[in-house]
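See below for the structure under consideration.
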Amino acid sequence: MPLRLYNTMSSQVEDFHPLHANEVRMYACGPTVYDYGHIGNFRTFVAVDLLQRFLRQSGYKVRYVMNITDVDDKIIRNAAQAGVSVQQYTAKYVQAFLEDSALISIEPPHFVRATEHIPQMADFVARLVEKKIAYRADDGSYYFRISEFPGYGKLSKKDFSGILDGARVDVDEYDKDSARDFALWKAPKPGEASWQTPIGSGRPGWHLECSVMSMEELGESFDLHAGGEDLIFPHHENEIAQSESLTGKTFARFWFHARFLLVEGEKMSKSLGNYYTLRDLVLKGYKPSSIRYLLTSVPYRKQLNFTFDGLKQAAVSVERLRNFRQRLRSGGFPGGSNPELQALAAETLSRMQAALDDDLNTAQAQAAIFDMVRKVNSALDAHAVNTGDTAPLLAALDRFDEVFAVINDDDSAKMKTISQWALSDGREKEISAELRDQIQADQISNAAIESKIAEMEAARKARNFAVSDALRAELVGAGVIIENTKDGVRWRRK
RNA sequence: GGCGCGGUACCCAAGUGGUAAGGGAGAGGUCUGCAAAACCUUUAUGCGUCGGUUCGAUUCCGACCCGCGCCUCCA
């Protein structure tokens, strides 16, 4: 079964085959760097990351490009207000975006920046003008004449035929031939940042950036273009119009859009007070792995209701997977192998693959791994697991984590980084007790833990439970979780 | 108004024309000195409402109710 993906262009789930045999070329619209990214932004970026990981797991080489929009109206305005250059203003947020992406285990795509492709953008406009598809307005701005692109509206399923015929409202105000024509290039207003180019001075329009950079990196036709659902119109519609009217070729073959999330049942907005950045959540003490798990647990085309309760549930689910892996790794199993478990591992792999092949049904992939976890835990309790079984079972777990990326525990190190950032950024008041508690587990060394446990075990052997309980309480207080099993003590950091 | 998505147990959520995955939470139990972890049992005669098609619908069709998204700020 090949991968099947929903394509916004056809409004259908289609078989996905890349243009080039084993290579997928994909592009995602990245952040506009004027602020810290919020969890809604990251739902989209995590969804695309998951797609990219699954494509690679399926054997494709992936060329994944993401733009960083480091010039736009808001950036220019904010930079001017702050009295710094556009570059100075955006540097902080570019860095924050890279850190946040790493925080939530997004594998870095190849990043391209708008401000590093200005000459190519000007050239793109010049070629559109040559073809009479774009025109220069009196103020030096350039617009795209949508009446020149018959397919306009094909992605967003909008019909512009009525509007194109003589609807000239607002034309004077915008200096455009038609109200629907969109800006390719904006002439500078006094005091605004601008670039000198052969088509005049000014700055690129947002839509232009993505067309130019994606085609430069991936070719005139490439496999997949991704973004949040809000970008369907006008952003992606305009990209298609510009690109296809210039090249005469299909721009992107698949259009992948992630649905918006809700926060506590409502649209996230600053005015509702339910607007959260990744850093806000970590400061409250939530683990990055919990956030990633929650974001991936609902398939990308469904509305996801992001709640604190859900975040807590996600943390428990991740913990269960981590405990399971530790249990399998702890060894001490009898030789040989159990055919049922061998079959279970194989079945789990194929169930996960089938689920993700089906338009990235992450919920079903998770169900498959949890079925395996429960059955194997049962077998472990019954001493029915043999040495030869652990490798295939652990391989299935690894396969899951190649895509979901939540089992490997680097939470406390990441949380420590956020806590240090808060200190250096004057936000130490926002560091919650929960966060302090979480990062405390990193304070004590492995050797110290092992020695305490040895003491504890000696006391337990002597049936001196008062002493052993006190030692355990001490370790728990230091953020170390202790489990006494028949086969000895297992421990891990909180 | 135009276009589109969704309403499944206490919470999150998958799914199918033939009788409801998975996770969390709750209850009971097993194991254990205790705790933790793990396992077992249990929690929707019912999948927004009302009709229709069908031997049979949560799944198809229609109407209605509710929630949400886009319609040039927005992931």
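Order of the sequence lines sets the chain letters (A, B, ...), proteins ahead of strands, with each chain counted from 1. Just so you know, these numbers come straight off a predicted model, no measurement behind them.
Summarising the base pairing, B:G46 is matched to no nucleotide, lacking a Watson-Crick or G-U wobble pair whose two defining distances lie under 3.5 Å. In this structure, B:A35 makes no Watson-Crick or G-U wobble pair, since no nucleotide meets both defining distances under 3.5 angstrom.
The same atom, C1', is picked in B:G15 and in B:U53; the two are 23 Å apart, to the nearest Å. Atom name C1', nucleotides B:G6 and B:C47: the rounded distance is 14 Å, in whole Å. The separation of B:A14 from B:G24, taken at their C1' atoms, amounts to 15 Å, rounded to a whole angstrom. Distance check on atom C1': B:G67 versus B:U49 gives 15 Å, rounded to whole Å. Across B:C10 and B:U19, the matching P atoms stand 24 Å from one another, rounded to whole Å. B:U45 and B:A9 have their P atoms separated by 10 Å, given to the nearest Å. With both ends at atom C1', the span from B:C73 to B:A20 equals 44 Å, rounded to whole Å. Rounded to whole Å, the separation between the P atoms of B:A13 and B:A36 comes to 29 Å.
Side chain to side chain, A:Arg493 and A:Asn446 meet the donor-acceptor criterion of an N or O pair below 3.5 Å.
Here the side chain of A:Asn361 is nearest to one of B:G23, B:G33, B:G15, namely B:G15. The side chain of A:Lys302 lies closest to B:G7, out of B:A38, B:G24, B:G7.
As judged by a 4.0 angstrom heavy-atom cut-off over every strand, A:Asp469 is placed among the base-contacting residues. Among the atoms of the strands shown, base atoms are found under 4.0 Å from some heavy atom of A:Ser468.
Looking at A:Arg301, its side chain has no donor and acceptor atom pair within 3.5 Å of the base of B:C5.
Residue whose closest nucleotide on RNA chain B sits further toward the 5' end, between A:Val316 and A:Asp309: A:Asp309.
Atom pair A:Asp381:CG and B:A38:P shows a separation of 10 Å (rounding to whole Å applied).
Between A:Asn484 and B:U32 there is no side-chain N or O to OP1 or OP2 distance below 4.0 Å.
A:Lys267 forms no cation-pi arrangement with A:Phe260, by the criterion of a distance under 6.0 Å to the ring centre and an angle within 45° of the ring axis. A cation-pi arrangement is present between A:Arg301 and A:Tyr6 under the rule of less than 6.0 angstrom and at most 45 degrees off the ring axis.
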Next on the checklist: Counting primed atoms plus P, OP1 and OP2 as sugar-phosphate and everything else as base, spell out the protein contacts along nucleotides 65-75 of chain B at 4.0 Å heavy-atom distance: B, S or - for each nucleotide, 5' to 3'.
Outcome noted: ---BSSSBSBB

